[in-house]
Amino acid sequence: QVQLVETGEGLVQAGGSLRLSCVVSGRTFSINIMAWFRQAPGKEREFVAAIGRNGGNTYYTDSVKGRFTISRDNAKNTVYLQMDSLKPEDTAVYYCAASNVYGFSWNRGHYGYWGQGTQVTVSS
């Protein structure tokens with residue numbers, strides 16, 4: 001089994017920055033791609049960013065390109081999401097997700113492991 005725990009919850013003003021962390025434990029050797037999703041009130045959970053096993057490949061949804069950066073430290077079993085130039089529309093619960101299936105996907109169903117979520121609130 002794999003467990004994911006997110007930290008970094010916070011309230012920031014528009015234009016500010018926040019960094020989320022996700023610590024992975026358990027059968028970490030089985031994990032291929034890691035991702036961040038988010039879910040705003042009344043909306044579907046949506047893909048934000050993903051990173052390949054060795055950190056060489058990264059993927060972003062268009063709305064966060066140039067503002068968010070995903071990275072991973074395999075020695076620490078941790079994935080990060082650096083969020084800069086935050087906007088009120090970034091307000092959501094952010095979820096860390098992991099997949100042991102080879103290859104990238106935007107689809108939630110590709111990811112078999114999920115964290116509990118952490119709240120990010122951006123005020124205008």
field: Expected output: side-chain Asn107 to main-chain Gly109 donor-acceptor under 3.5 Å
entry: yes
query: Are Tyr59 and Phe104 close enough that their ring centers fall under 6.0 Å?
result: yes
query: Hey, any chance Val122 and Val48 share a hydrophobic cluster, counting ILVMFWY side chains that come within less than 4.5 Å of each other, even indirectly?
result: yes
- prompt: Would Trp114 and Trp106 show up in the same hydrophobic cluster when neighbours are defined by side-chain heavy atoms closer than 4.5 Å?
  reply: yes
- prompt: Roughly how far apart are Trp36 CH2 and Leu81 CG, rounded to 0.5 Å?
  reply: 6.0 Å
- request: Using modelled atom types only, decide if a donor and an acceptor are shared between the side chain of Arg53 and the backbone of Ile31 within a distance under 3.5 Å.
  value: yes
statement: All heavy atoms of Ala98 vs all of Met34, minimum pair found to be CB-SD, 3.4 Å
query: For Arg27, does the CZ atom sit with more than 12 other heavy atoms under 6.0 Å from it, leaving out its own atoms?
result: no
message: For a side-chain contact (heavy atoms from CB on, under 4.5 Å) check, start with the C-alpha distance between Asn57 and Ile51, then their side-chain angles and the critical distance, and finish with the verdict.
response: CA-CA 6 Å; Asn57 295 317; Ile51 188 166; over 6 Å; no
query: When rounded to the nearest 0.5 angstrom, what distance separates CZ in Arg72 from SG in Cys22?
result: 10.0 Å
task: Flag the pair Phe68 / Leu86 as yes when at least one side-chain heavy-atom distance between them is below 4.5 Å, and no otherwise.
output: yes
- line: Here the pair of heavy atoms bringing Ile33 nearest to Ala50 is CD1-CB, 4.0 Å
- request: Taking all non-hydrogen atoms of both residues into account, name the closest pair between Tyr60 and Lys65 and its distance.
  value: O-CE, 3.3 Å
task: Please check if any side-chain donor atom of Ser17 sits under 3.5 Å from a side-chain acceptor atom of Asp84, or the reverse.
output: yes
- prompt: Can you name the closest pair of heavy atoms from Ser124 and Ala14 and give their distance?
  reply: CA-CB, 4.4 Å
- prompt: Could you go step by step and tell me if Val24 and Thr78 meet the side-chain contact (heavy atoms from CB on, under 4.5 Å) rule?
  reply: CA-CA 6 Å; Val24 186; Thr78 302; over 6 Å; no
- prompt: Would a 4.5 Å heavy-atom cut-off, applied to side chains only, mark Gln39 and Glu46 as touching?
  reply: no
- request: Please name the pair of heavy atoms, one in Gln116 and one in Leu4, separated by the smallest distance, quoted to 0.1 Å.
  value: OE1-O, 3.7 Å
- prompt: Going from OG on Ser21 to CD on Gln82, what distance comes out if it is rounded to the nearest 0.5 angstrom?
  reply: 9.5 Å
query: Does Val120 share a hydrophobic cluster with Val79, counting links as ILVMFWY side-chain heavy atoms below 4.5 Å and allowing steps through other members?
result: yes
task: Evaluate the side-chain proximity of Tyr80 to Thr69: yes if any heavy-atom separation is below 4.5 Å, no if none is.
output: no
query: Looking only at heavy atoms, what is the nearest atom pair of Tyr94 and Glu6, with distance?
result: O-OE2, 3.8 Å
- prompt: Are Asp90 and Arg67 close enough, and set up right, to give a side-chain contact (heavy atoms from CB on, under 4.5 Å), and what steps lead you there?
  reply: CA-CA 11 Å; Asp90 294 318; Arg67 300 189 299 121; 2.8 Å; yes
task: Keeping the roles fixed (side chain from Thr91, backbone from Glu89), state whether a donor-acceptor pair exists under 3.5 Å.
output: no
- request: Report whether Tyr113 and Tyr95 are members of the same hydrophobic cluster (ILVMFWY, side-chain heavy atoms less than 4.5 Å apart, transitive linking).
  value: no
task: Flag the pair Ser99 / Asn32 as yes when at least one side-chain heavy-atom distance between them is below 4.5 Å, and no otherwise.
output: no
message: Using modelled atom types and a 3.5 Å cut-off, is there a donor and acceptor pairing between side-chain atoms of His110 and backbone atoms of Tyr102?
response: no
query: Can a cation-pi geometry be assigned to Arg108 and Phe47, taking NZ or CZ under 6.0 Å from the six-membered ring centre and within 45° of the ring axis?
result: no
- prompt: Distance only, no hydrogens: is a donor on one side chain within 3.5 Å (strictly under) of an acceptor on the other, for Gln3 and Ser25?
  reply: yes
Trace of the side-chain contact (heavy atoms from CB on, under 4.5 Å) decision for Leu20 with Thr7: CA-CA 6 Å; Leu20 305 182; Thr7 57; over 6 Å; no
